[in-house]
There are 2 protein chains.
Amino acid sequence: MRMSKGVEWALHTLINLDVIGGGPMHSGRLAEAHGLSPSYLTKQLQQLAQAGLVSSVSGPHGGFRLARALEDITLLDVVEAIEGDVKAFHCTEIRCEGKIGALSPPPTRTCAVHAAMRRAEDAWRQALAAQTLAGIRADLNVTPAAARLVRKALD
Amino acid sequence: MRMSKGVEWALHTLINLDVIGGGPMHSGRLAEAHGLSPSYLTKQLQQLAQAGLVSSVSGPHGGFRLARALEDITLLDVVEAIEGDVKAFHCTEIRCEGKIGALSPPPTRTCAVHAAMRRAEDAWRQALAAQTLAGIRADLNVTPAAARLVRKALD
DNA sequence: GGCTTACTACTCGGATACTGCTTGTCCGAGTTCAGGGGG
DNA sequence: CCCCCTGAACTCGGACAAGCAGTATCCGAGTAGTAAGCC
């Protein structure tokens, strides 16, 4: 039950992309901004590109840039882009296996255990979808001085 | 981001323990009731015992029995018993690493990304804590005939 | 001098090893029950 | 006839392998910019 650390990397990197603004930034710079593995961060950025959160530009002066405004990117978007379809609980229908499964008639309704876990996960997903990266950036309270600092670090 | 399948096993097994009621039932029977690996289910039951959800009895005619009523067992109790402390998102404080970390003053407040992810997980945890196994069993709508069937399968 | 063309350097993209955790299994410690012997 | 003791069988409990997803890495494909050559 551990979330990939790529999610943390992606979130910070997306916000950094917004702070510097403008043209594409190549992944190596974005990685050293937080001391991350460049190759692995590239992999995560590719996932984000496939999901349409960033756009990639090849060649010299290429890199990644935001494809949407932070207001239009929710936490759920990022988590789903990195983790794929987020279903922590996987119902394997063990109620239909073994002795009980053999003796019971085939069930007609969905598994109650499954339904209960799904309700909880829906609450989680909903809470993720309710928060945008713009809100997080506002919470970070990036001062103009801090923004200059980030641009300098990525320059 | 996958939850251990032990959680599913534990939930179904706990409800079965309640349906049969009474004395301890040994893990082998509980396992074959749903076609599970006996050794591995024992491992999960031990986790539940450590968490105080079931009590274990050694020796012949021993096994596991519910230590609490289903009303007093929430989904969160089970998930935490099996998975340990449930924190999907682990903040590694990358904001303090790399170039940005070196240039920025040490932060005073908690990481905004971390806080946002924690809010979502709190919603999930809260939804888990709001559902008891008694509610799930009620949702299953176990008829007397079905209860007899379970007892027979575990006899 | 301007245009075309080939080259180079730099970036993303996907295929390829490695690591840690979940999953699965095994054997030993402890306990209860049963049977036999003694009082 | 009743009690105690010894033994055996059965259960949990924790230590020990195997498989798989997450982690990390590397090299090839593609592109833009540049410089040289030609008109």
Side-chain angles (χ1 to χ4, degrees), chain A residues 1-10 13 17 23-32 34-67 79 81-90 92 94 154, chain B residues 1-10 13 17 23-32 34-67 79 81-90 92 94 154:
Chain A
M1 189 62 208
R2 249 187 76 207
M3 176 170 292
S4 162
K5 70 170 65 171
V7 173
E8 183 188 11
W9 295 16
T13 301
L17 279 176
M25 173 63 61
H26 78 272
S27 59
R29 288 278 169 77
L30 291 166
E32 66 185 5
H34 284 303
L36 311 174
S37 156
S39 318
Y40 193 41
L41 179 64
T42 301
K43 194 187 186 76
Q44 310 301 339
L45 286 168
Q46 286 168 19
Q47 305 270 97
L48 295 178
Q50 264 193 325
L53 303 185
V54 300
S55 58
S56 62
V57 180
S58 288
H61 300 284
F64 295 89
R65 91 176 83 192
L66 283 180
V79 172
I82 301 294
E83 297 267 330
D85 199 8
V86 277
K87 294 270 199 318
F89 183 85
H90 284 261
T92 57
I94 61 173
L154 284 165
Chain B
M1 188 60 208
R2 249 188 74 207
M3 178 171 290
S4 162
K5 70 168 65 170
V7 172
E8 182 188 11
W9 295 15
T13 300
L17 279 176
M25 173 63 61
H26 78 271
S27 59
R29 289 277 170 77
L30 292 166
E32 65 185 4
H34 284 304
L36 311 174
S37 156
S39 318
Y40 193 40
L41 179 64
T42 301
K43 197 187 185 75
Q44 312 300 340
L45 285 168
Q46 285 168 19
Q47 305 268 101
L48 296 177
Q50 264 194 324
L53 303 185
V54 300
S55 58
S56 63
V57 180
S58 289
H61 300 283
F64 294 90
R65 90 176 84 193
L66 283 180
V79 172
I82 301 295
E83 296 268 330
D85 199 9
V86 277
K87 294 270 199 322
F89 184 85
H90 283 261
T92 57
I94 60 174
L154 283 163

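Letters A, B, ... are given to chains in the order of the sequence lines, protein chains preceding strands, and every chain is numbered from 1.
- Straight-line distance from the CD atom of B:Q44 to the P atom of C:dT25: 13 Å, rounded to whole Å.
- For C:dT11, the OP1/OP2 oxygens have no side-chain nitrogen or oxygen of A:S27 closer than 4.0 Å.
- The residue A:S58 sits close only to the backbone: its heavy atoms come under 4.0 Å of sugar-phosphate atoms, none of a base.
- For A:E32, the salt bridge (charged side-chain N to carboxylate O under 4.0 Å, His left out) partners are A:R29, B:K99, not counting sequence neighbours.
- No donor-acceptor distance shorter than 3.5 angstrom exists from the side chain of B:Q44 to the backbone of B:I82, with no hydrogens or angles considered.
- Nearest-nucleotide mapping onto DNA chain C: of B:W9 and A:M25, the residue sitting toward the 5' end is A:M25.
- Atom CD of A:E8 is separated from atom P of D:dG22 by 17 Å (rounded to the nearest Å).
- Going from atom CZ of B:R65 over to atom C1' of D:dC12 covers 14 Å, rounded to whole Å.
- Remark: side-chain polar atoms of B:E8 are paired, donor with acceptor, to backbone N or O of A:T92 under 3.5 angstrom.
- Between A:L41 atom CG and C:dC12 atom C1' the separation is 13 Å, expressed in whole Å.
- For A:K43, the listed nucleotide lying nearest its side chain is D:dT25; candidates were C:dG13, C:dG24, D:dT25.
- At the heavy-atom level, A:K5 lies under 4.0 Å from the strands shown only through sugar-phosphate atoms.
- Here the closest heavy-atom approach between residue A:G52 and residue A:A67 is recorded as O-CB, 3.5 Å.
- Rounded to whole Å, atom P of C:dT22 lies 15 Å from atom CE of A:M3.
- Of the listed nucleotides (C:dC10, C:dT25, C:dT31), C:dC10 has the atom at the smallest distance from the side chain of A:P60.
- At least one side-chain heavy atom of A:L45 sits under 4.5 Å from a side-chain heavy atom of A:L30.
- For B:H26, the listed nucleotide lying nearest its side chain is D:dT11; candidates were D:dA15, D:dA24, D:dT11.
- Atom OH of B:Y40 and atom P of D:dC12 are 17 Å apart (whole Å).
- Across B:F89 and A:V7, no two heavy atoms sit closer than the pair CE1-CG1, 4.4 Å.
- A side-chain contact (heavy atoms from CB on, under 4.5 Å) with B:R65 is found for one member of B:V54, B:V57, B:L17 and no other, namely B:V57.
- Less than 4.0 Å separates DNA chain D from no heavy atom of any residue of residues 45-57 of chain A.
- Contact annotation for B:M1: backbone-only contact, meaning every heavy-atom pair under 4.0 Å involves sugar-phosphate atoms and none involves a base.
- Dashed line: the shortest gap from a side-chain N or O of B:S37 to OP1 or OP2 of C:dT23 is not under 4.0 Å.
- Between the P atom of D:dC10 and the CZ atom of B:F64 lies a distance of 18 Å, rounded to the nearest Å.
- Note: NE2 (B:H90) to P (C:dC21) measures 10 Å, nearest angstrom.
- Listed pair A:T42 / C:dT11 fails the phosphate criterion, with no side-chain N or O lying under 4.0 Å from OP1 or OP2.
- Listed nucleotides: D:dC12, D:dA9, D:dT23. Nearest to the side chain of A:R2: D:dT23.
- Within the structure, the side-chain hydrogen bond (donor to acceptor under 3.5 Å, both in side chains) test picks out no pair touching residues 47-63 of chain B (sequence neighbours left out).
- At the heavy-atom level, A:G28 lies nowhere under 4.0 Å from the strands shown.
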